[in-house]
Amino acid sequence: MSSPSVLSFTQQGWEQVLAKVKRAVVYLDAACAESLHWGCGSTRLLEAVGGPACHLREFEPGAVGGGAEQPKAVFVLSCLLKGRTVETIRDIVCRSHFQYCVVVTAVSHAVHLTANHVPAAAAAELEGQQPVFEQLEEKLCEWMGNMNYTAEVLHVPLLLAPAAPHLALTPAFASLFPLLLQDVHLLNSARPDKRRLASLGEVDSTALTPELLLQIRCLVSGLSSLCEHLGVREECFAVGSLSRVIAADLANYAPAKNRRKSAVGRASVVFVDRTLDLTGAVGHHGDNFVEKIISVLPQLPGHTNDVMVNMAELTALQADEDNQDMVAPGCLAQPNDSAAKALWEALLNTKCKEAVMEVRRHLVEAASRENLPIKMSMGRVTPGQLTSYIQLFKNNLSALMNHCGLLQLGLATVQTLKHPQTAKWDNFLAFERLLLQSLGESAMSVVLSQLLPLIKPAARRTKDDYSPEELLILLIYIYSVTGDFPVDEDLGETEEKVKRALAQVFCEESELSPLLQKITGCDSAINLTFPKSKIAVDELFTSLRDVAGARSLLKQFKSVYVPGNQTHQASYKPLLKQVVEEIFNPERPDPVDIEHMSSGLTDLLKTGFSMFMKVSRPHPSDHPLLILFVVGGVTVSEAKMVKDLAASLKPGAQVIVLSTRLLKPRSMPELLFATDRLHPDLGF
């Protein structure tokens, strides 16, 4: 790699793992598999394992052990080596014939000390030593049945799934989501002897649950490793309450102190809470085709950021229900195919119409190179036309092999264009525009009442009507774009009507979707009574009110709504756009809502002196690299917008967008209405 990047960081980590896997049985957990999938591709792992058989297994309690002819195992895990995780390793090793075990964890030894309650002072004295890993090495030999066998435990920071040069996700933290006001009430109930928290603004690391704090520390450990790879000393900034805790933890992360002293480069890392703007997460205004692909195609099992592409069209199989799972699905990530990678990056960076034309151009060029009998046609690109080009590769094995990645992206395009949900995209967009107009002219009660006619039970719904999940998406849009609003009698009545209608619709579903099961606490439609449904809907609206009030603590970024006037329609101005514009504002005013997190006494003194001396406070535009981390997910359109904005406002500045996951409208209700934000499952 010419210069350090998110891709080289990921690939360098995997090279360390690949050096260990020759002729081994390899156990991967889902988050590491996703990092491999985007960073190197599974074929790299299979090539490194070698041998006639494929020994790649999912890390789970029921995983098959190794037989007598399989003496070596490598476990590649994204989590802490503790509790259930260690028990699962033990169970697999005990039922196998391993003589050599390697355990790779994406979490540093320093965080393992924290997880084992070793005080900071004692941890500092252990520098260079790894007692937690050494203990597990001994245990592994014990479980293998011979203390002379070989065991290795090592840390490799497999944090990222790089989706593009400017965009990377953190699969192990896909469920990490900023707090809502209702979480403050839960935190207060757990601290009876301490001062009550009055708002999200008062939440700091001492107020959080041990599990959430540990999850944050695991993330910080990975981000510190990324900064080390990039060769930068980072200044940390935050917009939002959970972002403030994460930024402060990274700024004061003890193992990073020495690393920062020798760093040549500088970077600003700005964390932003997703909850401050859910409008962009559920809206349909982004003119990006990849956003449509990930919104309508089914999710690739075990992944949060990729989809399944049906490949049956390139086989001789008849498409029916019996054989739909017979052909392995295709996907979007093509790290080892340069032509497919070029097309993928073009799709990420172009508008829908241009993207579809780009797919056609790539297919035509590939068919021409293979001397396939292609009939050129100009004008509008249709799914039928793309299908006819793809079909040319069907009976030509070498052409299929040469362009497999390209054909997967081609089929993803066709299946998205033909998908009934794609037609609905415009319905959502039209309704969102109507809402934006209404907001400027009417009270919240009037805006909300426009939703009532759309709430229809299953028996009365057509394919063009909104499902319960889609109604929740519209509600999140309304409450997030509106922001803090006065509550009056009319609004109370309208909300009550919407709640009752929604509760009734939930009750009349013949089958509850996984999201409705989660929300209502009922695994079957038969058990869902109206009172149960109404309680669940009341709780939903508590979350929606929290979403509306999420920006109330901000001063500068209080609104994402731009009222219309005689020449312009009302519009939505993304919070991320406002943040990036403020960072690269040529006048460099002191940021009001972008808070700097000090990393020790020097910073505090600098901030103090700046009150009465000419000492400049750290500013997020001070450095040539900006890392923008969106806590709770980011959309493809937002990542592109940030990249384009930075290029226009400060040419030459490098920007990397990191986030916990790629968002589609349907993933937001699942994240927002989750009940385990404060108590994430860390595997023990």
Side-chain angles (χ1 to χ4, degrees), residues 13-37 39-109 112 115-116 129-158 171-172 301-303 325 328 681-684:
W14 279 104
E15 287 305 325
Q16 288 176 255
V17 175
L18 298 176
K20 300 280 182 188
V21 299
K22 191 166 185 183
R23 297 193 176 277
V25 181
V26 182
Y27 296 88
L28 281 167
D29 70 12
C32 283
E34 199 160 357
S35 170
L36 174 74
H37 176 76
C40 309
S42 54
T43 49
R44 282 284 289 111
L45 180 59
L46 296 173
E47 285 161 11
V49 170
C54 167
H55 301 312
L56 197 54
R57 289 167 194 173
E58 186 180 351
F59 179 75
E60 57 176 3
V64 177
E69 73 294 349
Q70 297 164 325
K72 183 179 175 186
V74 178
F75 297 86
V76 190
L77 308 171
S78 61
C79 53
L80 283 154
L81 303 176
K82 197 170 160 62
R84 284 202 319 270
T85 301
V86 172
E87 286 166 18
T88 302
I89 294 172
R90 180 198 64 202
D91 293 348
I92 293 170
V93 172
C94 286
R95 59 172 174 262
S96 304
H97 295 76
F98 300 136
Q99 297 170 28
Y100 182 3
C101 270
V102 181
V103 176
V104 177
T105 170
V107 181
S108 72
H109 187 266
H112 279 84
N116 285 290
Q129 300 174 59
Q130 300 193 324
V132 179
F133 290 177
E134 286 159 16
Q135 258 181 337
L136 184 55
E137 285 171 355
E138 280 187 31
K139 287 283 184 195
L140 285 164
C141 290
E142 203 179 293
W143 299 332
M144 286 189 282
N146 188 330
M147 297 310 285
N148 292 321
Y149 285 166
T150 309
E152 280 181 79
V153 177
L154 64 149
H155 161 238
V156 178
L158 304 172
H303 289 245
D325 297 327
D681 182 2
L682 301 178
F684 60 87

Answer yes or no: is there a side-chain heavy-atom contact under 4.5 Å between [X] and [Y]?
{"X": "Gln99", "Y": "Asn146", "value": "no"}
{"X": "Leu28", "Y": "Leu56", "value": "yes"}
{"X": "Gln130", "Y": "Val153", "value": "no"}
{"X": "Ile89", "Y": "Phe59", "value": "yes"}
{"X": "Met144", "Y": "Tyr100", "value": "no"}
{"X": "Lys20", "Y": "Val104", "value": "no"}

Strictly distance-based, threshold 3.5 Å: is any side-chain N or O of [X] a donor or acceptor partner for the main-chain N or O of [Y]?
{"X": "Lys72", "Y": "Val102", "value": "no"}
{"X": "Thr88", "Y": "Arg84", "value": "yes"}
{"X": "His303", "Y": "Glu34", "value": "no"}
{"X": "Ser96", "Y": "Gly65", "value": "no"}
{"X": "Gln135", "Y": "Val132", "value": "no"}
{"X": "His112", "Y": "Phe133", "value": "no"}

Mind checking whether Phe98 and Tyr27 have parallel, tilted or perpendicular rings, split at 30° and 60°?
perpendicular
Go through it in stages, so that I can follow the logic: the residues are Glu142 and Arg90, the test is salt bridge (charged side-chain N to carboxylate O under 4.0 Å, His left out), and I'd like the CA-CA distance, side-chain angles, deciding distance and then a yes or no.
CA-CA 10 Å; Glu142 203 179 293; Arg90 180 198 64 202; over 6 Å; no
As an exercise, state the distance from OG of Ser35 to NE2 of His37, rounded to the nearest 0.5 Å.
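Going from the OG atom of Ser35 to the NE2 atom of His37 covers 11.0 Å.
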Please determine if Glu69 and Arg23 form a salt bridge, counting it only when a charged side-chain N lies under 4.0 Å from a carboxylate O.
no
